[in-house]
Structure formats: structure tokens, C-alpha cells
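First up is the structure itself, then whatever we jot down about it.
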Amino acid sequence: VVGSWEFTVGASHEERSSCGHGHPDDPMKEPLVAERNPWWPAKRLSAELSSGGTAKVGDEVGTWTMISDEAVEVRFGDSELLAFFGFEPLPADNGGEHLPLVMQRRHSRCNETVLGWYSEGGRARWGCWYGRREEAGSSFLQRRRKMLNLR
């Protein structure tokens, strides 16, 4: 999670949006990130998440934290952002590097989020956002797929 990120932030509104999530939420039907969604137009923010929980978003310094291995929360100025990481079901074990399927049925992609929520102005306004980390290398799943000759 530590590194340079780009946050794509939709317009804020007085009414809180579900950002495409169901009620109750279904993790197998997470909302797709697409700029044709009604909460765009969007602005892009450069962010640097540092070890120790410091976040620099644009010119503002704030904090970030992981919520288990499932989500990230970033706070700066009067803004709070929360989004779940993307994830994929783990492929069947073919003898390579893996997490035991009985313990972990999904692999979090901690380099990108699905659509999440943000508030600003002391929770007076709400919007949708997603983040992508600038990659320095391939992810666990990319390495595993290559090793198993998948996709």
C-alpha cells in the first residue's frame, strides 16, 4: 500500500450515495470503476502513502490506515476517504505459491480499490472515489498467473 497513488474523486453532493454498492452489499458484485458513472466528472489527486501512516495528498498532509487486508482509509484536511481493495478468487492450487484456500478464498489487490466513499466539510458533502497505486513491480496474482500460465 505504501507508495505513490492516484485518487480519482467524483463530484460531492449533500446526499450520500451508495456509489453503486448493493444493500446489503454483495462482495461478488462490487461496482465497476468506469468514468461514465453518474458521480463523475472527476478530479485526479496525487497521493503519497508513507510507512508510519502519513499521507500527503496534493499539498495537504494527513493520515492513512489499512482496515484488515480489505480496505484503506485516508484522511486529510476536511476529507475522509474509504474504499475496499480489489480482490480476486484464488485459482486452484497447482503446486505453486499460494495461500491455503480453506483460510483465504480471495486475494486482495492492495494496489487498487473498487469504488469507495468520501466525505468532506465535516461530513456535509459525500462522493465516490477510487485509487490506483503506481506500480513498481508485478503483484502476487500476476506472478502466480505467469507461473501457472493462466490468462
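For this chain, numbers begin at 1 and follow the sequence in order.
Applying the ring-ring contact (aromatic ring centres under 6.0 Å, His included) rule to W126 yields no partners; only residues at least two apart in sequence or on another chain are considered. Residues satisfying the side-chain hydrogen bond (donor to acceptor under 3.5 Å, both in side chains) test with T54, not counting sequence neighbours, are none. For S12, the side-chain hydrogen bond (donor to acceptor under 3.5 Å, both in side chains) partners two or more places apart in sequence, or in a different chain, are E120, R125. Shown here are the salt bridge (charged side-chain N to carboxylate O under 4.0 Å, His left out) partners of E6, two or more places apart in sequence or in another chain: R44. With sequence neighbours excluded, no residue forms a side-chain hydrogen bond (donor to acceptor under 3.5 Å, both in side chains) with E60.
Separating the CD atom in E112 from the CH2 atom in W5 is a distance of 8.0 Å, to the nearest 0.5 Å. Once rounded to the nearest 0.5 Å, the distance linking OG of S46 with CD of E134 reads 7.0 Å. Going from atom OG1 of T8 over to atom NZ of K43 covers 11.5 Å, rounded to the nearest 0.5 Å.
Closest heavy-atom contact between C19 and G127: SG-O, 3.8 Å. Closest heavy-atom contact between Y130 and V114: CB-O, 3.9 Å.
Between the side chain of H21 and the backbone N or O of L115 there is at least one donor-acceptor pair closer than 3.5 Å. Not a single donor-acceptor pair under 3.5 Å links the side chain of S68 to the backbone N or O of E70.
Taking the side chain as every heavy atom from C-beta outward, T65 and V72 never approach each other to under 4.5 Å. The closest side-chain heavy-atom distance from L81 to F76 is below 4.5 Å. In this structure the side chain of L49 never reaches within 4.5 angstrom of the side chain of V2, judged on heavy atoms. A heavy-atom distance below 4.5 Å is found between the side chains of W64 and V1.
Sorted by first and then second residue, the salt bridge (Lys or Arg N to Asp or Glu O under 4.0 Å) pairs involving residues 75-87 (not counting sequence neighbours) are E73-R75, R75-E80, E80-R123.
Y118 has its ring centre no less than 6.0 Å from the ring centre of W129.
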Problem set entry | Worked check of side chain to side chain contact (heavy atoms under 4.5 Å, CB included) between F85 and M66 | CA-CA 10 Å; F85 293 118; M66 283 187 61; 3.8 Å; yes
